[in-house]
Number of protein chains: 2
Amino acid sequence: MQPTPSIENYVRKYVDLNDEELAHFASAFKEVKVKKRQFLIQPNFVARHRYFVLKGAVRAYVVAEDDQDNTIQLAIEEWWISDYNSYMFQQPASMFVMAVEDSTLLQISFEDEQRLKASNYKYETFFRMIAERAAAFMQRRVITSLTMSAEQRYDLLIEKYPEMANRFPQYVIASYLGMTTEFLSRIRKQKLRSKG
Amino acid sequence: MQPTPSIENYVRKYVDLNDEELAHFASAFKEVKVKKRQFLIQPNFVARHRYFVLKGAVRAYVVAEDDQDNTIQLAIEEWWISDYNSYMFQQPASMFVMAVEDSTLLQISFEDEQRLKASNYKYETFFRMIAERAAAFMQRRVITSLTMSAEQRYDLLIEKYPEMANRFPQYVIASYLGMTTEFLSRIRKQKLRSKG
DNA sequence: CAAAAAAGTTGAACCAGTTCAACGTTTTTT
DNA sequence: AAAAAACGTTGAACTGGTTCAACTTTTTTG
């Protein structure tokens, strides 16, 4: 992940495309640059795009009744992000999607994605594969939230996605893990004490 | 859902198949009958199949350190069930999948599913669509677990999937919702009192 | 670089949900 | 039909994590 990723390299990890296909696939995406704190998706508007992060960091969150924000998804280089319930079913979003750093993204519209999938079997396969991975990832997240303590969930994030913990502020990590920023602060303090 | 569903009717909701395709698709599935409390998948074994419920009720759960079981998935007629992290990546399972009622299922093996997807564009599209729906469903579950109280989560289940609440014992529903069976008992008691 | 805004820390009181143990009820098995 | 097993309920003590408010540190902005 050191060099800036490309959608061409990414798609090739899943399906074998020739140069022409690769160019055609890539042409459906449009590069967009966003500043820190800029919104890509807002509640009540339909999410027209999904985004692939080339550079930067983006989060998706919902604001609950009590005004707390709960982070639903994190994305850095080579991750996808959107409000999937809004994007896939083209219904009003419930999430904010916001840049946490100045970021460069590739966006694809719902319609262009449909055309892409209809135009080439391999593209369909690609989107099937990333959907399967997303479902499996989400299922792991459900499992950890049901079975692990706040501290264990934090440890797991650090172990499996150390990069995430560095790129996002602590209150974002805390809300992603389903705890308050104060409690995460206490967990980290305790680790410092016991580890030196 | 009154009459027993069929995989033919189900797949037609997503893609338009002619009679020959329909028969070919259906032939990849094998009907299996299981008795109440029988296991379909167990931890440490690779999940070789995914299952489509024709009749009955099935649950997937993980057993945590403290011996509590946490329900990850519920399935009744026309729902799919498996340990997706095991099935999709063909790695050892972490879940039990167990029949809660005597059930009739259609099973498809990982290899047959791969062959199916490779043999016809429309089958690939079908599996892409159900994977997307699974991802969106799981994301909604993450949202509710992050943003709602135990009582609100129960209310939402009753509202959106009333059938589920009737078909599964209360301790299964409780563990699916991320609370103890005792606490769900108290929630229900309180509702009885206030509603009559 | 000063001021303001955002992010992180700490203590003390609090509470939503858990735990444990005992008991009642329903379902399954023989 | 009796016994056993599974499921559900209740009370009382408890705890993992929250809340609130005040404060410190870091980052952003003019």
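Computed from a prediction, not measured in an experiment: that's the story for all the values here. Below, chains carry the letters A, B, ... as their sequence lines are ordered, and counting in each starts from 1.
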>> Quick check: do B:Gln91 and B:Asn85 have side-chain heavy atoms less than 4.5 Å from each other?
In response: no
>> Please find the pair of heavy atoms, one from A:Val11 and one from A:Phe126, that lie closest to each other, and give the distance.
In response: CG2-CD1, 3.6 Å
> How about A:Trp80 and A:Tyr10: does a side-chain donor come under 3.5 Å of a side-chain acceptor?
Replying inline: yes
> What distance do B:Glu151 atom CD and B:Lys191 atom NZ have between them, rounded to the nearest 0.5 Å?
Replying inline: 3.5 Å
>> Without decimals, in angstroms, what is the distance between B:Glu101 CD and D:dA6 C1'?
In response: 16 Å
> Between A:Arg128 and B:Glu113, does at least one N-O distance fall below 4.0 Å, as a salt bridge requires?
Replying inline: no
>> Under 4.0 Å between a side-chain nitrogen and a carboxylate oxygen: does that hold for B:Glu31 and B:Lys55?
In response: no
> Applying the side-chain contact (heavy atoms from CB on, under 4.5 Å) test to A:Ile81, which of A:Leu105, A:Ile41, A:Val58 qualifies?
Replying inline: A:Val58
>> I'd like to compare against my own output: the B/S/- annotation of nucleotides 6-19 of chain C with a strict under-4.0 Å heavy-atom distance to protein.
In response: SSSSBBB----BBB
> At how many degrees, to 10°, do the end axes of the helix from C:dC1-D:dG30 to C:dT30-D:dA1 meet when each uses five pairs?
Replying inline: 60°
> Do we get B:Arg141 above B:Tyr176's six-membered ring, with its NZ or CZ under 6.0 Å from the centre and within 45° of the axis?
Replying inline: yes
